[in-house]
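These values consider heavy atoms only, across backbone and side chains, with no hydrogens, waters or symmetry-generated copies.
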Amino acid sequence: MLLKKLTGLLVAAGILITSGVVHATGYAQELKSQHKKPIYQYEDLSEYFTGYDGTFLLYDMKKNKYTIYNKEQSEKAVSPVSTFKIPHALIGLETGVLQDENTTFTWDGTVYPFEAWNRDQTLTSAIQNSVIWYFQRVAEQVGEQKEQQYLDALRYGNKDISGGLTEFWLQSSLKISPREQLEFLKKFYSYQLPFSRKNIDIVKKILVLDKKKNAVMSGKTGTGWVDNVINGIPVNGWFIGYVERNHDVYFFVTNIQADNNANSAKAKEITLEILKDKKIFYSD
């Protein structure tokens, strides 16, 4: 039934299913957890967010348990900025604009304030160094029609690309709430998105950030600037991802908002502190 609904949705959107099937392994894990009634725990984590309007969400797959700090903020839609590189990479791969993690775009010589951007980029390096120009080229080659079709199929946030083909996810028209980000991550991990297993696995591989003795962390940061999309005033910081530990998966989403200094580095720092204190990801 799920596959029929998904197939119908993609056909309606005019999107080709390249894999033919939706891989069920991760989905089975998710279904197993959903046999339990979801648990919602609201926790005061304000001590980690001093100076910011922020929210933190954690989902324990095995327990089917949500831990949420600042419910109101968790439902507020804001720009996804570079966290959109996760679905964007999938769209690029599924449309054939990108072949694999080694697909290379040549640097055009424009000098950026981030040295890592000033060279040719693969999909792997573009994700790891959050290279905006790489994904702007992906968007140009995917085209407006297919970008919209995939956002509609994914039901990603408000699905609004009116801000322009190479800008819509950069503190512009596209907006998504932290709660929606969490649900997207769960579907991504469990192969419940309209992309092939092969392409999802490519993106999973390049999202790995750190490994400890008994845990692996994967994720993506994002910073939203005003005045300038590269080095303006940082007002919107994200860190989203998941930790695989002891046969369980913990999904996390952190977002911070402020008039200044709300960036991905701070969002990541807050997240790591919380995960360490909860003994989910820390040095053994």
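- A salt bridge links Lys266 with Glu269: the distance from a Lys NZ or Arg NE/NH1/NH2 to an Asp or Glu carboxylate oxygen falls below 4.0 Å.
- Using bins of under 30°, 30° to 60° and over 60° for the plane-to-plane angle, the ring pair Tyr59/Tyr66 lands in the tilted bin.
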Check: residues 234-242 side-chain donor-acceptor pairs under 3.5 Å, at least two apart:
| residue | atom | partner | partner atom | Å |
| --- | --- | --- | --- | --- |
| Asn236 | OD1 | Asn255 | ND2 | 2.9 |
| Asn236 | OD1 | Gln257 | NE2 | 2.7 |
| Asn236 | ND2 | Ser79 | O | 3.0 |
| Asn236 | ND2 | Gln171 | OE1 | 3.2 |
| Trp238 | NE1 | Ser79 | O | 2.7 |

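- Partners of Trp225 according to the ring pair (Phe, Tyr, Trp, His ring centres under 6.0 Å) rule, which considers only residues two or more places apart in sequence or in another chain, do not exist here.
- A distance of 8.0 Å separates OG1 of Thr55 from OH of Tyr69, quoted to the nearest 0.5 Å.
- Taking hydrophobic clusters as Ile, Leu, Val, Met, Phe, Trp and Tyr residues chained together by side-chain heavy-atom distances below 4.5 Å, Leu193 shares a cluster with Ile176.
- Residues Asp100 and Leu123 have side chains not in contact (no heavy-atom distance under 4.5 Å, counting atoms from C-beta outward).
- Between Leu45 and Phe49, the shortest heavy-atom contact is O-CD1, 3.3 Å.
- Rounded to the nearest 0.5 Å, atoms NZ (Lys198) and CD (Glu94) are 10.0 Å apart.
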Side chain to side chain contact (heavy atoms under 4.5 Å, CB included) for Trp117 and Ile132? Distances and angles first, verdict last. CA-CA 8 Å; Trp117 292 19; Ile132 289 176; 3.6 Å; yes

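- Met61 and Leu57 fall within a single hydrophobic cluster, where Ile, Leu, Val, Met, Phe, Trp and Tyr side chains are chained together by heavy-atom contacts under 4.5 Å.
- For the pair Arg197 and Tyr191, the cation-pi criterion (under 6.0 Å, within 45° of the ring axis) is fulfilled.
- The aromatic rings of Phe188 and Phe184 sit parallel, their planes meeting at an angle under 30°, below the 60° perpendicular limit.
- In terms of heavy-atom proximity, Asn118 sits nearest to Thr110 at OD1-O, 3.4 Å.
- Going from atom CD of Glu183 over to atom OG of Ser177 covers 9.0 Å, rounded to the nearest 0.5 Å.
- Closest of all the heavy-atom pairs between Ser74 and Ile68 is OG-CG2, 4.1 Å.
- You'll find the side chain of Gln121 reaches within 4.5 Å of the side chain of Asn129, heavy atoms only.
- With respect to the salt-bridge test (charged N to carboxylate O, under 4.0 angstrom), the residues Glu244 and Lys204 do not qualify.
- Under a cutoff of 6.0 Å and an axis angle of 45°, Lys212 and Tyr282 do not form a cation-pi pair.
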I'd like to know whether Leu275 forms a side chain to side chain contact (heavy atoms under 4.5 Å, CB included) with Arg245, so could you lay out the CA-CA distance, the side-chain angles of the two residues, the decisive distance to 0.1 Å, and finally the verdict. CA-CA 12 Å; Leu275 294 178; Arg245 181 183 182 88; over 6 Å; no

I'd like to know whether Phe168 forms a side chain to side chain contact (heavy atoms under 4.5 Å, CB included) with Leu151, so could you lay out the CA-CA distance, the side-chain angles of the two residues, the decisive distance to 0.1 Å, and finally the verdict. CA-CA 12 Å; Phe168 66 84; Leu151 286 178; 4.0 Å; yes

Could you check Tyr189 against Phe251 for side chain to side chain contact (heavy atoms under 4.5 Å, CB included), going step by step and ending with a plain yes or no? CA-CA 9 Å; Tyr189 185 85; Phe251 298 86; 3.5 Å; yes

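- The structure places CD1 of Ile270 at 4.5 Å from CD1 of Ile256, a figure rounded to the nearest 0.5 Å.
- With sequence neighbours excluded, the residues that form a side chain to side chain contact (heavy atoms under 4.5 Å, CB included) with Asn246 are Asn214.
- A cation-pi arrangement is absent between Lys85 and Tyr134 under the rule of less than 6.0 angstrom and at most 45 degrees off the ring axis.
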Run the side chain to side chain donor-acceptor pair (under 3.5 Å) test on Ser264 and Lys220 for me, step by step, so that the C-alpha distance in whole Å, both residues' side-chain angles and the decisive distance to 0.1 Å come before the verdict. CA-CA 9 Å; Ser264 61; Lys220 185 71 192 77; over 6 Å; no

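- The aromatic rings of Phe84 and His88 sit tilted relative to each other, their planes meeting at an angle between 30° and 60°.
- Rounded to the nearest 0.5 angstrom, Thr271 OG1 and Ile274 CD1 are separated by 6.0 Å.
- Rounding to the nearest 0.5 Å places CD of Glu140 at 6.0 Å from OG1 of Thr166.
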